[in-house]
Amino acid sequence: MPQANAKLNAFPVFMRVEGEAVAIVGGGEAALAKARLVGQSSAVLRIIAQTAEAELLSFIAATGAVHVAAAYEAAHLEGAAMVFAASGDEALDRRVAEDARRLCIPVNAVDRPELCDFFTPALVNRAPVAIAIGTEGAGPVLAQMLRGRIDRMLSPSLGALATLAASFRGAAERLPKGTGRRRFWRDFFAGAPARAVEAGEFARAHDAAVELLVSDAPASGHIALVGAGPGAEDLLTLRAHRLLMEADVIVHDALVPEAIVAMGRRDAERLPVGKRKRCHSKSQEEINALLVELGREGKRVVRLKSGDPLVFGRAGEEMAALRDAGIAYEVVPGVTAAFAAAADFELPLTLRGVSSSLVFTTGHDLKGNSLPDWAKLAISGATVAVYMGRSVAAEVAGRLIEAGLSPDTAVAVVENASLGNRRRFHGTLADLPSLEARADLAGPVMTIIGDAVAGANFERSEPLAAHRHEDTASATAEGVEQ
Ligand code: SAH
């Protein structure tokens, strides 16, 4: 809890510097750091350094900053709006600070808070939006950490959105004060105009904002089909994370871990919709209808799917339903399970001279007499990633061997790829059928077959064959999405 009497000793303000001179005294790393920071503004940099390091010189050359290549004198500070004493020489920095003060110019001395009139913030720059983080000089590392966190939360296109907002300020003033105007801005920053800016479609953003101004209809909804990745929280993309934090409703599959769903807003509605093998909580048609309904209600929805939404994720059907209903949607890719499993095994999915193609399959299409295309590819050397492949492991192995793939072909299996409780198994195609009977694997399983698998690191994996015959039926979490 913040202390009731906690007062800031430094008060943040945003200083106008457009076209103003900002003087930096020093020719080393500290001066360069300040030059880079202030260089994010439209101030005219004046760098006072008799000798400057190469990197600072190239910064000066690249930015057109003024370089005063002379021994420091107080006169060099004249007319500046701000001064930075960054020479690294204590006596000189002190002199600079005293001169600046005499000239009534606010001064900052690097690493000497006692000489500072102001502190420089860590800066998240989405011009014209700026977020300045200050710790009163106490914790630059803390400030940088916070900067990183805030930076990740904000869309890279926030600046462009703010610029567009500024151009609508006049028009918005004509809306009734209070709720009407507030609603306009909320829908502007969280609705269609914001999404169009994010997609780089500025004309459409403008039109969407005009539409908001003139229409009384509630804001239209939007569905993001988002890949949650294979399970580890930090394998979520930044975009997925941001959309999660903005969503009113999160509709998620069973394979998406609670920790990821919990990254959404605390007041967001969370709707689990299955599906695990043998316990579908909602049919695909019901899910499609639910998404359409939420879109019609004007909700911002994240439809969270494990891995990548376009890989065995039934996204095709959901997109078709949304398109038919005229509801806006977008797709955010995720790290698919095959990639996570390969990473866990340090397994090259393509390997020079060994395998130059990669097949994503489920192996559930092997029932007929004719060999599916992917099996032919496997025989000609492709690496094969089998999703939901546990219950068809024997069939996959049998058909591939029958078709001519060597029983010695390397196979890698990962349960719970990317997660702390992952398990790795290695063996050959001949060992693969044993997977079906294993009762000890309750998580999702990825199987990778091919000669490239031989390039994996088997150090932390168990032999697949060890469990060859076991008759306990397995309770699987295959997540039938195909
Ligand atoms: N869209 C998902 C796949 C959904 S199908 C993706 O791109 O990854 C579900 C199958 O994905 C599971 O049966 C399993 O084969 C695989 N899978 C998903 N997460 C996994 C994980 N963490 N480890 C291993 N396999 C996983």
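Annotation: side chain to side chain contact (heavy atoms under 4.5 Å, CB included) contacts of Phe360 (sequence neighbours excluded): Val311, Phe312, Thr336, Ala338, Phe339, Leu358, Ala385, Tyr387. For Leu419, the side chain to side chain contact (heavy atoms under 4.5 Å, CB included) partners are Asn416, Asn421, not counting sequence neighbours. Residues meeting the side chain to side chain contact (heavy atoms under 4.5 Å, CB included) test with Thr350, sequence neighbours left out: none. Not a single ring-ring contact (aromatic ring centres under 6.0 Å, His included) links Phe425 to another residue, sequence neighbours left out. Qualifying side chain to side chain contact (heavy atoms under 4.5 Å, CB included) partners for Glu55, counting only residues two or more places apart in sequence or in other chains: Leu32, Arg36. For His252, the ring-ring contact (aromatic ring centres under 6.0 Å, His included) test picks out no residue, with sequence neighbours left out.
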Would you mind writing out the side-chain donor-acceptor pairs for residues 221-235 within the sub-3.5 Å range, not counting sequence neighbours?
unit_1: His222; atom_1: NE2; unit_2: Glu330; atom_2: OE2; d: 3.4

Residues 60-83 side chain polar contacts: donor-acceptor under 3.5 Å, at least two apart:
unit_1: Thr63; atom_1: OG1; unit_2: Phe59; atom_2: O; d: 2.8
unit_1: Thr63; atom_1: OG1; unit_2: Ala65; atom_2: N; d: 3.4
unit_1: His67; atom_1: NE2; unit_2: Ala49; atom_2: O; d: 2.9
unit_1: Tyr72; atom_1: OH; unit_2: Asp99; atom_2: OD2; d: 2.7
unit_1: His76; atom_1: ND1; unit_2: Glu73; atom_2: N; d: 3.1
unit_1: His76; atom_1: ND1; unit_2: Glu73; atom_2: O; d: 3.4

Which pairs would a plain distance check flag for residues 13-28, meaning a side-chain donor or acceptor within less than 3.5 Å of a matching protein atom at least two apart in sequence or in another chain?
none

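Residue pairs satisfying the side chain to side chain donor-acceptor pair (under 3.5 Å) criterion with at least one member in residues 180-193, sequence neighbours excluded, are absent. Every pair passing side chain to side chain donor-acceptor pair (under 3.5 Å) that includes a residue from residues 115-130 is listed here, sequence neighbours excluded: Lys34-Thr120, Gln40-Asn125, Arg101-Asp117, Arg126-Asp151. Residue pairs meeting the side chain to side chain donor-acceptor pair (under 3.5 Å) criterion with at least one partner in residues 165-175, sequence neighbours excluded, do not occur; the list is empty.
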